[in-house]
Every structure is written in C-alpha cells, then in structure tokens.
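One-based numbering, in listed order, for ligands and for the atoms of each. All values below come from the heavy atoms of this structure, side chains included, with hydrogens, waters and symmetry mates left out. All values reported here derive from a predicted model rather than from experimental measurement. Residue numbers run from 1 in the order of the sequence given.
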Amino acid sequence: MDGTINENDLSRIIAADKAHVWHHLTQHKPFETSDPRIWVEGRGMRLWDQDGKEYLDAVSGAVWTVNVGYGRERIADAIRDQLVRLNYFAGAAGSVPGARFAERIIEKMPGLARLYYCNSGSEANEKAFKIVRQIAHKRHGGRKHKILYRDRDYHGTTITALSAGGQDERNAQYGPFTPGFLRVPHCLQYRAHEQEGAPQENYGEWAADQIEAVILREGPDTVGALCLEPVTAGGGVIPPPSGYWERVQDICRRHDILLIIDEVVCGVGRTGTWFGYQQYGVQPDMVTMAKGVASGYAAIACLATTEAVFDQFKDDASDPLNYFRDVSTFGGCTAGPVAALENLAIIEDEGLLANTTAMGARLMDNLRDLMERHAVIGDVRGAGLFCGAELVTDRESRAPVQEARVAAVVSDCAKQGVLIGMTNRSIPGYNNTLCFSPALIATESDIDAITDAVDQALARVFG
Ligand code: PMP
C-alpha cells in the first residue's frame, strides 16, 4: 500500500462513514462500539484496509466481480481517454465503445446477435422479463406471460427481480411481489434426499422434469420464459448435474418457452469459458451479464438476445407500440463499454480463460484434499474459479452445520489475511457453504494460500 492517506484523514473518513453511510447487507448496531472496515487500496489479488493490513482476496470484491484483479492501469487509462472525448449520451443513438464492445462480446456467443446496455444485474434481468412480457402481449394476447425461476437462484434486488428470487431470506418482508413468477425445484444433487421422489440415478433428468411438471400444471400456453443461473451462485454454488441442461433445453423448445440464462456471476470468464452456459452445451435465447463484464471498473450490465427475439421488436414498424419501450439512463455512459473492451482484451492477452480452468482444477483438488482431514466438509463442487465447500455435521445425515460456525471459518480466514465467502444467510441448508471465487489471474501459490488458510480455520473452529 502506498500510504497516501494519513492517519488524520483516515479517522475523519471513518467518522464520516459511521455517521452517514448505510452499508449493503449490514446490521449497523455493532458500529456503535467498533469501526467498519474501509478498503483503501487494491493491487492484483491483494487489498489493504484502513490499518494497512494486507488481504488476499479470494472472492473478487466480495461478490465475484473483479475478474481481472485490482489496479489495472490499462482499464483506468482507457476510461479516462474515453471520458474526456465523450462521457455520455443516452437514448436512441449509439457510441463508439458501445458498438465495439457489442461486436467483440457477441463474437464470443454464437447464436446470439444483439446487446442491450444497462447498469446492474437486476436491471438486465428486468429487461429480459419485460421482453418476455412484451412478446406475450404482442403474440399471445398477454397469455404466455409467466416466468419460471428456480429455488435457490437469485436474479437481483429490485421487487420484480426478487419476484424471480429463489432465496426466501432475501425476499422476506419485501412482498407483495410482481405476479406471474413461479418457482421450480433446485438441482442440487447433494441435497436430493430432501426432495420428495428424487432418484440418485439420472438425477439431472429428474430435476429437469420437475420444471416440465410446473409447465404442464400451469399450461404451456401461459409460460413465456424460464430464467436460470448456469451455476447457482449465492444459493449454494451449484453446478448442474449431468443430463440437466440437455433436458431443460429440450423442454423449452417443445413448449416454445424462452430460455433466459443469468450470467451475472459466471459471465466473462468465471468458469473458464466466456460464459457459464458454454460449459454445458446449451443455447439460450437471452443472456444477462454484469459483474465480470468490466470487473467493477465501471457500472455496466448487458442483455444479449438472439436475432429471433430482436426481430419481434422491429418486424411491424407501422405499429407505434412495436419497439422495446425501455431505456436506461446510465446505459448511455461510455465508461462501461470502454472498460469492458479493455477487460476483455486483458482476458485474451493474458490467457486468463486457460488460467481459470487450470487454477480452478487446483482449487477443487486442494479442497478435496482438505476433505480427507476435515470430516466437516461434506461436498466440494464448482466450475472454473468458482467453488464451494458445503459443511455438514456428519457425512451420513448431511445435516448442515450452524451458520455461526460457517461464519467463524470465514472470519478466522480474514484474521489470517484471506477473504473467503459463504452462501446466503439465515436459511438452514442454504447458509453452510464456503465460497471461493478468486480473480482469474490467481497463481498456484495464491490458490495454495487460500486453501492453507481454510485448513487452519477449519482446524480451529471444528477441532
Ligand atoms: N443475478 C445473479 C446471479 C447475481 O448473483 C446477482 C448479484 N449478486 C444479480 C443477478 C444482481 O446483480 P446486481 O446486484 O448487479 O443488481
């Protein structure tokens, strides 16, 4: 850390934060007697807090975002150059970096053709839902408007995104929700024993068939779309079981249901391919992306669609209502696409997809080695540099350990200078998975340092 903030400034900053900032996902009472952590600087995979303490960040900025690591001058320089040339113009016109990034990212997504700019993952998902609803009105008299989402998946924080939210703890106290969203069961094979009628063999096909059961119950002519995460993130780090995606794709095609894949976490490299769905050979109709698009250097999210979806909004130009009547004020800020262009170039120039696959395999191997020493680890799963280790009281019953003990492992690692995460709080069975999502630049020694810290933390917390 370069120590540019002196102690006097720092105490004023902390006082200002305590007096005026409302932190995300935070109960503030403890700050009456202690200070919040304030991040001061980041380089590569390392962060420094207000005390100058160094941390190895194994969660890419808490929520799986900073894919290319901190302190990238190349991105900062490109943003600066663009902003002094033209920072912003919204609405119907395009921009130079907007056109360039759309071409570059669509190249990575065979079968998709159009890119729509906005600012957050929630917003991108809401755009996708609006497209489904508009197509339902245009082609099906409003009838084919229902949108299916999955237990444990998360699609954002706004009321309608929460209406498609499969994590009850996040939804509690925010209803009533937007009508027309229906839940389908999760596909976490490790917890199949909690799902009535779930077989151990061909579990993936069975889990997909549960989606079709909901479609048939509701009537396929009422269901417009299915929205899924390729690998469920905060709901437990859940890669799909084998056979799942093939069956899901087939179900959507048979019932003329649009498949929306929420790549807000997995998009742009996290799993070792450009998009998570590309691991599973599935072909979506719409893809939303946000966090890794510009690695947090600018607020940008995008919705990609097929030409077939797009065409429905331009085929009848004589109808004054036949265009996508949607806007995003800051979708017109050029910092986003220019940062995204550099972010993409860094991933290519530094071979970060291959690194993600190699380092992801090492992380999984290390975590599996830990299973031999720590009976509390019931399951290790993941895709690329996105892994989870589920903690259970015993491997036979698979009963989840208490949240407080999972949190104790996370905070023990932080004391050792390694930031790891855990899945969402408050719901037993959902809150017992340690999460790892280091930047795609991670080296072997970074990966080993992460799992060494977990090894020590587990030994201390579980003995
Ligand atoms: N989808 C998924 C899968 C996410 O994990 C998140 C954020 N955690 C979102 C959507 C919402 O993104 P944002 O916070 O940018 O609105």
Ligand 1 N/O to protein N/O, distances under 3.5 Å:
unit_1, atom_1, unit_2, atom_2, d
ligand 1, 1 (N), Tyr154, O, 3.3
ligand 1, 1 (N), Asp262, OD1, 3.3
ligand 1, 1 (N), Asp262, OD2, 2.7
ligand 1, 8 (N), Lys291, NZ, 2.9
ligand 1, 15 (O), Gly121, N, 2.8
ligand 1, 16 (O), Gly121, N, 3.4
ligand 1, 16 (O), Ser122, N, 2.8
ligand 1, 16 (O), Ser122, OG, 2.5

Rounded at 0.5 Å granularity, tell me how far CZ in Arg183 sits from CZ in Arg152.
11.0 Å
Using the six-membered ring wherever Trp is involved, compare the ring planes of Tyr117 and Phe101 and label them parallel, tilted or perpendicular (cut-offs 30° and 60°).
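It falls in the tilted class, 30° to 60°.
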Sequence neighbours excluded, which residues qualify as side-chain contact (heavy atoms from CB on, under 4.5 Å) partners of Gln278?
Pro110, Thr273, Trp274, Phe275
Which residues pass the side-chain contact (heavy atoms from CB on, under 4.5 Å) test with Gln249, sequence neighbours left out?
Arg253, Leu259, Val282, Gln283
Regarding Gln167 and Arg170, is there a side-chain donor-to-acceptor distance under 3.5 Å anywhere?
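Per modelled atom types, Gln167 and Arg170 side chains form a pair under 3.5 Å.
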Applying side chain to side chain donor-acceptor pair (under 3.5 Å) as the test, list every pair that has at least one member in residues 227-237; sequence neighbours left out.
Arg150-Thr232, Asp153-Thr232
